[in-house]
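These notes concern the structure reproduced below.
One-based numbering, in listed order, for ligands and for the atoms of each.
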Amino acid sequence: MPAAGPDHSKLPRHVAIIMDGNGRWAEQRGLPRAMGHKAGVESVREIVETAGELNIEVLTLYAFSTENWRRPAMEVQALMTLLRAYLESQLTLMLEKGVRLRCSGQIDRLPKDVQALLHKAIDQTAANRGLILNLALSYGGRGEIVRAAQRLAQQCLNGSLKPDDITEERFGGELYTAGLPDPDLLIRTGGESRLSNFLPWQTSYSELHFSPILWPDFRKPQFLAALLDFQGRQRRFGKTGAQVAA
Ligand code: IPE
Ligand code: IPE
Ligand code: MG
């Protein structure tokens, strides 16, 4: 008998993933770190496909942080090459499967040709109605919050906004994730229990799932297990257990 899968009626609307462990996966095999990133792309394909099959609304993948710019130039280059290849090779599939691409982060710091590929894929998939695939690229959560504050301050200066009218909703509307529901489930692979500047505003009430599995080994069965774990949680949002169960 197949193992019981997650209950399709109680799936998270938005899953966010910190895809960590590529470097260690390669190092354990005596391979260059870039080979770990390459293997990680296969996991990305499988998890995107699975999320689509399950009708999850939004999948946010942390692919490159603002802090990752500090890595050796060769590794950054290898990651950009993989991103380029991913965008080039996946566009047709995204169109076929109805995937809508968007991104979160300081996109203008990416190589110009990668920016062009990204914008092309975002434009061409904009009318799709399936999974929203949100790639966090050159993303940092504190930077995102500062940027939102600057945009609101600018609106106050030009008279279109009053400080008293700045609400949580309004603030959220100036983040890269404007219009998306907050992640219900945040997964981090690779064994570390930290957030590494990922979606600090949006994950304030997310359920956290830390997996020891290195990202290239995180595939459909591990994803389904994380969803099952999520379904076992009681989300109380400040209320009592009895209130929520009622
Ligand atoms: C995650 O894997 C991918 C990126 C950060 C781009 P790592 O490259 O951080 O892998 P480890 O943590 O060194 O194993
Ligand atoms: C977080 O992983 C960033 C991504 C997965 C893109 P890191 O490997 O960069 O995180 P730290 O530096 O170990 O916290
Ligand atoms: Mg890491």
Side-chain angles (χ1 to χ4, degrees), residues 14-48 51 58-87 89-90 101-111 114-115 117-118 132-145 147 175-177 180 183 185-204 206-219 222-223 226:
H14 183 173
V15 180
I17 308 183
I18 302 174
M19 309 184 289
D20 196 22
N22 293 347
R24 278 165 287 161
W25 184 93
E27 282 158 12
Q28 282 173 5
R29 288 162 177 75
L31 297 169
R33 291 177 57 86
M35 294 306 286
H37 297 310
K38 189 161 180 249
V41 177
E42 292 308 312
S43 294
V44 170
R45 288 207 183 96
E46 192 164 319
I47 300 310
V48 170
V58 189
L59 178 67
T60 295
L61 298 178
Y62 202 6
F64 194 82
S65 71
T66 45
E67 290 74 22
N68 288 149
W69 288 114
R70 300 182 191 139
R71 290 194 180 192
M74 223 176 77
E75 181 164 343
V76 172
Q77 233 173 55
L79 284 162
M80 294 303 147
T81 300
L82 285 168
L83 177 58
R84 205 175 272 124
Y86 179 80
L87 292 169
S89 68
Q90 297 302 293
L101 187 71
R102 59 185 275 176
C103 61
S104 292
Q106 302 168 346
I107 299 311
D108 56 358
R109 289 180 73 180
L110 299 173
V114 174
Q115 289 184 42
L117 282 169
L118 194 59
I132 296 175
L133 174 60
N134 180 33
L135 295 181
L137 294 166
S138 189
Y139 173 86
R142 287 187 172 180
E144 178 187 38
I145 289 172
R147 174 178 172 272
L175 299 173
Y176 296 120
T177 49
L180 299 178
L185 171 64
L186 169 73
I187 299 171
R188 182 177 186 135
T189 66
E192 313 291 355
S193 305
R194 56 173 174 259
L195 299 179
S196 304
N197 207 11
F198 188 47
L199 303 176
W201 175 280
Q202 299 88 335
T203 58
S204 60
S206 302
E207 296 298 327
L208 310 181
H209 176 93
F210 294 104
S211 166
I213 310 282
L214 303 175
W215 177 251
D217 293 327
F218 193 88
R219 298 298 175 99
Q222 290 76 24
F223 187 44

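- Protein heavy atom nearest atom 10 (O) of ligand 1, with residue, atom name and distance: G23 N, 2.9 Å.
- Ligand 1 is never approached by E27 to a heavy-atom distance shorter than 4.0 Å.
- Distances below 4.0 Å separate heavy atoms of I18 from the following atoms of ligand 2: 1 (C), 5 (C).
- T66 and R142 share no side-chain donor-acceptor pair at under 3.5 Å.
- For the residue pair R219/Q222, the side-chain donor-acceptor check at 3.5 Å is not satisfied.
- Heavy atoms of N68 found under 4.0 angstrom from ligand 1 belong exclusively to the side chain.
- In this structure, Q202 and P183 approach most closely via the heavy-atom pair O-CD, 3.4 Å.
- Legend: protein N/O/S atoms lying under 2.8 Å from the Mg ion (ligand 3), waters omitted, number 1.
- At under 3.5 Å, not a single nitrogen or oxygen of Y62, backbone or side chain, sits near a nitrogen or oxygen of ligand 2.
- Under a 4.0 angstrom heavy-atom cut-off, R71 registers as being in contact with ligand 2.
- Using a 3.5 Å distance cut-off with no hydrogens or angles, the side chains of W25 and D217 do pair a donor with an acceptor.
- Residue contacts with ligand 2 include R194, since one or more of its heavy atoms lies under 4.0 Å from the ligand.
- A side-chain donor-acceptor contact under 3.5 Å links N134 and S104.
- If you look at A63 next to ligand 1, the close heavy atoms, those under 4.0 Å, all belong to the backbone.
- The closest protein non-hydrogen atom to atom 13 (O) of ligand 1 is R33 NH2, 2.9 Å.
- Within the 4.0 Å heavy-atom criterion, neither part of F198 lies near ligand 2.
- With hydrogens left out, the protein atom closest to atom 7 (P) of ligand 1 is D20 OD1, 3.5 Å, a heavy atom.
- In this structure, E67 has no heavy atom closer than 4.0 Å to ligand 2.
- A34 and A78 make their closest contact through CB-CB, 3.8 Å (heavy atoms, listed as atom of the first residue, atom of the second, distance).
- Among all heavy-atom pairs drawn from G40 and W215, the shortest one is O-NE1, 3.0 Å.
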ask   = How far apart are the C-alpha atoms of I187 and F223, what are their side-chain angles, what is the distance that settles it, and do they pass the side chain to side chain contact (heavy atoms under 4.5 Å, CB included) test?
value = CA-CA 9 Å; I187 299 171; F223 187 44; 3.9 Å; yes
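- Ligand 2 places these atoms under 4.0 Å from at least one heavy atom of F64: 6 (C).
- Taken from CG in L101 to CD1 in I132, the straight-line distance is 10.5 Å, to the nearest 0.5 Å.
- Interatomic distance, R84 CZ to S89 OG, rounded to the nearest 0.5 Å: 13.0 Å.
- Under 4.0 Å from ligand 2, not a single heavy atom of R70 appears.
- Between E27 and R24 no salt bridge is recorded (no basic side-chain N to carboxylate O distance below 4.0 Å).
- Only the backbone of M19 comes within contact range of ligand 1, with a heavy atom under 4.0 Å; no side-chain atom does.
- Rounding to the nearest 0.5 Å gives a distance of 10.0 Å between OG of S65 and CG of D20.
- The closest approach between any non-hydrogen atom of R24 and ligand 2 is not below 4.0 Å.
- In the model, E144 has a side-chain atom that pairs as donor or acceptor with a side-chain atom of Y139 under 3.5 Å.
- Closest approach of Q115 to R109, counting heavy atoms only: NE2-N, 4.3 Å.
- The closest side-chain donor-acceptor pair between E67 and N197 falls under 3.5 angstrom.
- Residue contacts with ligand 1: G190 is excluded, as none of its non-hydrogen atoms falls under 4.0 Å.
- With ligand atoms numbered from 1 in the order given, ligand 1 contributes 3 (C), 8 (O) to contacts under 4.0 Å with heavy atoms of H37.
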